[in-house]
Peer 1: 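Pasting in a structure now, in structure tokens, and then I'll have a few things to ask.
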Amino acid sequence: MTLAPDAAAKPRIALFDLDHTLIPFDSDYEWGEFTIRLGWCDGQEFKRRNAEFFAQYQAGTLDIHDYVHFATQAIRQQGATNSIAAHARFMREVVQKGIKAQALALVRQHQDAGEQVLIVTATNEFVTRPIAAAFGVSELIAVELERDAAGQLTGAIRGTPSFREGKVARVQQWLADRGWDWNAVDTTFYTDSLNDLSLLEKVTHPVATNPDERLRAIAAGRGWRILELFQ
């Protein structure tokens with residue numbers, strides 16, 4: 001297919017969700033499990049509360065602020081030095097084993113085509129920035145964590161959380177910072193989750209990737225591409 005001149009001239013941007021899209025697991029959940037193994041939290045209580053938050057996520061009722069306060073408790077208690085060292089172990093022992101060749105190749109395909117690649121995730125920046133780096137992606141839109149005057153994490157979110165409609169707002173701001181709007185760019189977005197429906201509806205090329213059943217049904221009904229990245 002030959003693009004019209006105006007379409008061909010547009011900057012092309014590839015947006016990727018992370019959990020269950022580029023990696024076949026939830027990085028926030030796996031990090032929580034890892035902190036249990038480190039003895040940083042009460043395993044039984046953590047699992048109980050995490051299950052409650054996950055049920056709320058599935059139901060579309062999750063309060064992202066409450067969840068982030070819960071999810072960052074261990075690293076706030078341990079401090080930066082211990083947390084960074086533990087995350088390096090987490091990368092070696094958990095994440096690297098889950099990064100599949102086909103996911104790396106998909107990202108590289110967009111990069112080699114001259115596209116700007118972003119990872120856009122509802123998981124916080126502490127957990128996800130090293131994962132983005134492992135994919136060779138420097139542009140990360142994640143939940144940003146508030147710090148106090150001493151530089152310590154407070155458990156609160158800084159700015160707009162990149163969750164549900166917040167992903168649209170954060171990407172829109174990223175575009176505006178570069179002098180673009182949605183009409184000025186050609187965008188592709190890969191995600192597995194119905195929670196990302198608003199961003200899927202905003203981009204030029206929505207791709208339901210390893211989709212949950214609800215998103216699969218919507219994608220099929222609208223004629224969106226469905227990609228099974230993990231077989």
Side-chain angles (χ1 to χ4, degrees), residues 16-95 98 119-134 140-170 191-199 212 214-215:
F16 290 90
D17 179 44
L18 180 64
D19 300 325
H20 297 290
T21 300
L22 281 179
I23 53 177
F25 54 82
D26 186 297
S27 58
D28 227 355
Y29 175 84
E30 292 298 335
W31 169 250
E33 291 291 301
F34 190 74
T35 63
I36 292 173
R37 296 197 291 275
L38 293 175
W40 285 9
C41 53
D42 181 295
Q44 184 174 352
E45 177 63 11
F46 183 93
K47 286 178 179 290
R48 182 190 68 80
R49 293 198 64 198
N50 205 34
E52 290 178 353
F53 282 120
F54 184 65
Q56 294 166 11
Y57 174 81
Q58 289 183 309
T61 60
L62 177 68
D63 184 319
I64 190 68
H65 298 273
D66 286 347
Y67 176 70
V68 167
H69 190 271
F70 161 76
T72 59
Q73 183 175 353
I75 61 175
R76 287 186 281 119
Q77 292 174 342
Q78 290 294 320
T81 300
N82 286 346
S83 298
I84 291 169
H87 197 289
R89 278 188 58 193
F90 174 65
M91 290 295 296
R92 293 192 303 269
E93 297 175 14
V94 179
V95 176
I119 290 176
V120 187
T121 176
T123 300
N124 73 72
E125 59 184 333
F126 173 81
V127 171
T128 57
R129 190 164 297 283
I131 304 175
L140 172 70
I141 293 177
V143 170
E144 298 180 358
L145 302 175
E146 182 185 79
R147 296 176 182 273
D148 62 20
Q152 302 300 313
L153 296 177
T154 66
I157 293 171
R158 181 168 64 90
T160 301
S162 46
F163 176 61
R164 297 178 65 90
E165 292 78 8
K167 283 193 176 184
V168 176
R170 291 285 303 280
T191 185
D192 70 293
S193 178
L194 188 63
N195 280 295
D196 290 336
L197 183 60
S198 58
L199 185 52
D212 59 33
R214 293 175 298 171
L215 179 56

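We use all heavy atoms of the structure for the numbers below, so side chains are in, but hydrogens, waters and symmetry mates are not. Just so you know, these numbers come straight off a predicted model, no measurement behind them.
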Peer 1: Evaluate whether atom CZ of Phe54 has more than 12 neighbouring non-hydrogen atoms of other residues, nucleotides or ligands under 6.0 angstrom away.
Peer 2: no
Peer 1: Looking at every non-hydrogen atom in both residues, tell me the closest pair between Arg89 and Leu38 and how far apart they are.
Peer 2: NH1-CD2, 3.4 Å
Peer 1: When rounded to the nearest 0.5 angstrom, what is the spacing between OG1 in Thr154 and CG in Asp148?
Peer 2: 7.0 Å
Peer 1: Checking Arg214 now: which residues fulfil side-chain contact (heavy atoms from CB on, under 4.5 Å) with it, not counting sequence neighbours?
Peer 2: Leu194, Asp212
Peer 1: Restricting to non-hydrogen atoms, name the atom on Ile36 and the atom on Cys41 that form the minimum distance, rounded to 0.1 Å.
Peer 2: CG1-SG, 3.7 Å
Peer 1: With sequence neighbours left out, what residues match Glu144 under salt bridge (charged side-chain N to carboxylate O under 4.0 Å, His left out)?
Peer 2: Arg158, Arg170
Peer 1: Supply the atom-to-atom distance Lys47 NZ to Tyr29 OH, rounded to the nearest 0.5 angstrom.
Peer 2: 4.5 Å
Peer 1: Find out whether Tyr67 and Gln56 are in side-chain contact, i.e. whether some heavy atom of one side chain is under 4.5 Å from a heavy atom of the other.
Peer 2: no
Peer 1: Apply ring-ring contact (aromatic ring centres under 6.0 Å, His included) to Phe163 and list each qualifying residue two or more places apart in sequence or on a separate chain.
Peer 2: none
Peer 1: For Asp66, enumerate each residue passing the side-chain contact (heavy atoms from CB on, under 4.5 Å) test, keeping only those at least two apart in sequence or located in another chain.
Peer 2: Phe53, Asp63
Peer 1: Applying side-chain contact (heavy atoms from CB on, under 4.5 Å), can you list everything that pairs with Ala142, at least two apart in sequence or on another chain?
Peer 2: Thr121, Glu125, Thr128, Leu140
Peer 1: Any donor-acceptor pair under 3.5 Å linking the side chain of Asp26 with the backbone of Asp19?
Peer 2: no
Peer 1: Less than 4.5 Å apart, any side-chain heavy atom of Leu145 and any of Thr72?
Peer 2: yes
Peer 1: Using a 3.5 Å distance criterion without hydrogens, assess whether the side chain of Lys167 forms a donor-acceptor pair with backbone atoms of Asp196.
Peer 2: no
Peer 1: Going through the distances and angles, do Val94 and Arg37 end up as a side-chain contact (heavy atoms from CB on, under 4.5 Å)?
Peer 2: CA-CA 12 Å; Val94 179; Arg37 296 197 291 275; 3.7 Å; yes
Peer 1: Between Arg76 (side chain only) and His69 (backbone N and O only), is there a donor and an acceptor less than 3.5 Å apart?
Peer 2: yes
Peer 1: As an exercise, state the distance from CG of Asn124 to CD1 of Ile75, rounded to the nearest 0.5 Å.
Peer 2: 6.0 Å
Peer 1: Using only atom types and a distance under 3.5 Å, with no angle test, would you say the side chain of Thr160 pairs donor to acceptor with the backbone of Gly166?
Peer 2: no
Peer 1: Is the count of non-hydrogen atoms from other residues, nucleotides or ligands lying under 6.0 Å from Gln44 atom CD greater than 12?
Peer 2: no
Peer 1: State which residue, out of Thr123, Val68, Asp28, fulfils the side chain to side chain contact (heavy atoms under 4.5 Å, CB included) condition with Val143.
Peer 2: Val68
Peer 1: With sequence neighbours left out, write down each residue that passes ring-ring contact (aromatic ring centres under 6.0 Å, His included) with His20, or none if nothing qualifies.
Peer 2: none
Peer 1: Using 0.5 Å steps for rounding, measure from the CH2 atom of Trp31 to the CZ atom of Phe25.
Peer 2: 13.0 Å
Peer 1: Check whether His87 reaches the backbone of Val127 with its side chain - one donor and one acceptor, N or O, closer than 3.5 Å.
Peer 2: yes
Peer 1: Hey, what do you get for CZ (Phe70) to CG (Asn50), rounding to the nearest 0.5 Å?
Peer 2: 4.5 Å
Peer 1: How close do Trp40 and Ala86 get, heavy atom to heavy atom, and via which atoms?
Peer 2: CH2-CB, 3.5 Å
Peer 1: Is the shortest heavy-atom distance from the side chain of Ile23 to the side chain of Glu30 under 4.5 Å?
Peer 2: no
Peer 1: Taking C-beta and beyond as the side chain, do Tyr57 and Ser193 meet within less than 4.5 Å on heavy atoms?
Peer 2: yes
Peer 1: What's the separation between atom CG in Asp192 and atom CG in Leu215, rounded to the nearest 0.5 Å?
Peer 2: 7.5 Å
Peer 1: The test is salt bridge (Lys or Arg N to Asp or Glu O under 4.0 Å); show your working for Glu52 and Arg49 and say whether it passes.
Peer 2: CA-CA 5 Å; Glu52 290 178 353; Arg49 293 198 64 198; 5.1 Å; no
